[in-house]
Peer 1: 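Can you read through this structure? Questions will come right after.
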Amino acid sequence: MRNSLLRAAAALFVTAAFVACRGIGAYNPSAPAGPAQAPSANETGAVKIPACTAKKLEPGTYLLYNATGKVKGTTFKAFTGKSATSSWFLFKYIKAKPTPTPSPSPSPSASPTPKPYSLYFYYGTFAMKNKQTGCAFLEATENHKNFRGTDFNALTSGFPNMEPGHYNVKLIERGLISALSISKLSPKGGYGSATLVTTREKPYTSGSITLKGRVLIKIPNEAQRLLQALSDGEY
């Protein structure tokens, strides 16, 4: 299966927004799995999002987090607690041989075109006190209304910026997000922090989130292009 592992969680979250927009059903954030291909440096996407500036990483064990929540005014706050869809994962990335690209599946029948809307895509980096670093983004609806069929109007993710190549991934640990907020949201980005705990709610680590800018995405017109930009490694 050809995929870009380091952006898998990001693509899942973007997909969640599109699924919510189309009203297809419930969405539960999950972790990436299986062999995958990280993007090469010269791959580009159609949506103009600057390349992630986080340090490129060799095979190792790295952090990934996902969270849904609300933007009110210029501040995002994640839903937290055991019942919330906000979690972190620790994955071991292992170099792997390329896997054959599967034959394309038949195109699904056309679905009704969803009502157009716009969302802000903020991009940047995160850095934890345990030296885990990576790329970060925040999506929020432009009008602050919830994504269709959900109770949230924003979602965020952080993931490692792996060197291009093929990887196998093994889940080492997972836990909860006890606090995550990003404030001073503007066209120039925003700043925030996150506190992560174990499943037994014991301290794990904490750190900062720095968003360096944003772009306006038109849904559904630019939905596929944004997904492509993420999966191809432009961000």
Side-chain angles (χ1 to χ4, degrees), residues 1-16 18 29-67 87-105 121-139 155-175 194 196 204-205 207-213 215 223-235:
M1 180 178 68
R2 186 184 186 281
N3 201 351
S4 297
L5 180 59
L6 72 164
R7 276 124 182 128
L12 282 170
F13 260 59
V14 176
T15 303
F18 304 152
S30 60
Q37 179 182 336
S40 62
N42 60 359
E43 287 179 317
T44 59
V47 176
K48 294 182 178 179
I49 303 171
C52 177
T53 59
K55 179 183 176 181
K56 288 282 188 178
L57 300 170
E58 298 289 346
T61 302
Y62 302 114
L63 177 72
L64 180 154
Y65 67 82
N66 297 321
S87 304
W88 60 266
F89 307 88
L90 201 61
F91 287 104
K92 185 175 183 179
Y93 292 70
I94 305 165
K95 275 283 189 180
K97 293 182 179 180
T99 54
T101 302
S103 302
S105 55
F121 184 92
Y122 298 84
Y123 53 87
T125 59
F126 75 89
M128 297 294 171
K129 290 180 179 178
N130 64 356
K131 298 184 179 181
Q132 292 278 5
T133 62
C135 311
F137 75 75
L138 170 71
E139 284 183 53
L155 42 92
T156 188
S157 185
F159 45 95
N161 194 18
M162 301 297 297
E163 287 284 359
H166 289 78
Y167 297 88
N168 284 325
V169 183
K170 180 180 180 181
L171 178 62
I172 303 299
E173 190 176 357
R174 65 182 298 171
L196 313 183
Y204 176 69
T205 191
S208 61
I209 300 168
T210 304
L211 302 178
K212 301 176 180 180
V215 293
Q224 187 58 44
R225 290 195 295 161
L226 176 57
L227 271 173
Q228 192 64 49
L230 286 166
S231 62
D232 281 354
E234 181 175 341
Y235 187 73

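All values below come from the heavy atoms of this structure, side chains included, with hydrogens, waters and symmetry mates left out.
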Peer 1: Mind running side chain to side chain contact (heavy atoms under 4.5 Å, CB included) on Phe159 and Asn66 for me, showing each step along the way?
Peer 2: CA-CA 9 Å; Phe159 45 95; Asn66 297 321; over 6 Å; no
Peer 1: When rounded to the nearest 0.5 angstrom, what distance separates CZ in Phe121 from CG in Leu138?
Peer 2: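 Rounded to the nearest 0.5 Å, the CZ-CG separation comes to 9.0 Å.
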Peer 1: Please check if the side chain of Thr156 supplies one atom and the backbone of Phe137 the other of a donor-acceptor pair under 3.5 Å.
Peer 2: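 A pair under 3.5 Å: yes.
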Peer 1: Could you tell me whether the side chain of Pro59 reaches within less than 4.5 Å of the side chain of Tyr167, counting heavy atoms only?
Peer 2: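 Tyr167 vs Pro59: side chains touch.
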Peer 1: How long is the straight-line distance from CD of Glu58 back to CD of Glu163, given to the nearest 0.5 Å?
Peer 2: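 Rounded to the nearest 0.5 Å, the CD-CD separation comes out at 5.0 Å.
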Peer 1: Taking the six-membered ring for Trp, are Tyr204 and Trp88 parallel (under 30°), tilted (30 to 60°) or perpendicular (over 60°)?
Peer 2: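 The rings of Tyr204 and Trp88 lie parallel, inter-plane angle below 30°.
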Peer 1: How close do Ile172 and Thr61 get, counting heavy atoms only, and between which atoms?
Peer 2: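 Nearest pair, atom of Ile172 first, then Thr61: CG1-CG2, 4.3 Å.
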Peer 1: How long is the gap from OH on Tyr62 to CD on Gln132, to the nearest 0.5 Å?
Peer 2: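 Reported value, rounded in 0.5 Å steps: 8.0 Å.
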Peer 1: Of all the heavy-atom pairs spanning Ala54 and Cys135, show the shortest one and how long it is.
Peer 2: CB-N, 4.0 Å
Peer 1: Do Thr133 and Thr125 pass the side chain to side chain contact (heavy atoms under 4.5 Å, CB included) test, and can you show the C-alpha distance, the side-chain angles, and the key distance before you say yes or no?
Peer 2: CA-CA 7 Å; Thr133 62; Thr125 59; over 6 Å; no
Peer 1: Please evaluate residues Leu63 and Met128 with respect to the criterion side chain to side chain contact (heavy atoms under 4.5 Å, CB included), reporting the C-alpha separation (whole Å), side-chain torsions for both, the decisive distance (0.1 Å), and the verdict.
Peer 2: CA-CA 9 Å; Leu63 177 72; Met128 297 294 171; 3.7 Å; yes
Peer 1: Which heavy atom of Ile209 sits nearest to which heavy atom of Ala194, and what is that distance?
Peer 2: CD1-CB, 4.3 Å
Peer 1: Asn130 side chain to Thr205 main-chain N or O, any donor-acceptor pair under 3.5 Å?
Peer 2: no
Peer 1: Within 45 degrees of the axis of the six-membered ring of Phe91 and under 6.0 Å from its centre: does Lys170 put its NZ or CZ there?
Peer 2: no
Peer 1: For Arg174 and Ser87, work out which heavy atoms get closest and say how close.
Peer 2: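 Shortest heavy-atom contact: NH2-OG, 4.3 Å.
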Peer 1: Identify the heavy atoms of Ser157 and Tyr65 that sit nearest to each other, and give their distance.
Peer 2: OG-O, 3.0 Å
Peer 1: Should we count NZ of Lys92 as having more than 12 external heavy atoms under 6.0 Å?
Peer 2: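 No - once you tally the heavy atoms of other residues, nucleotides and ligands closer than 6.0 Å, there are 12 at most.
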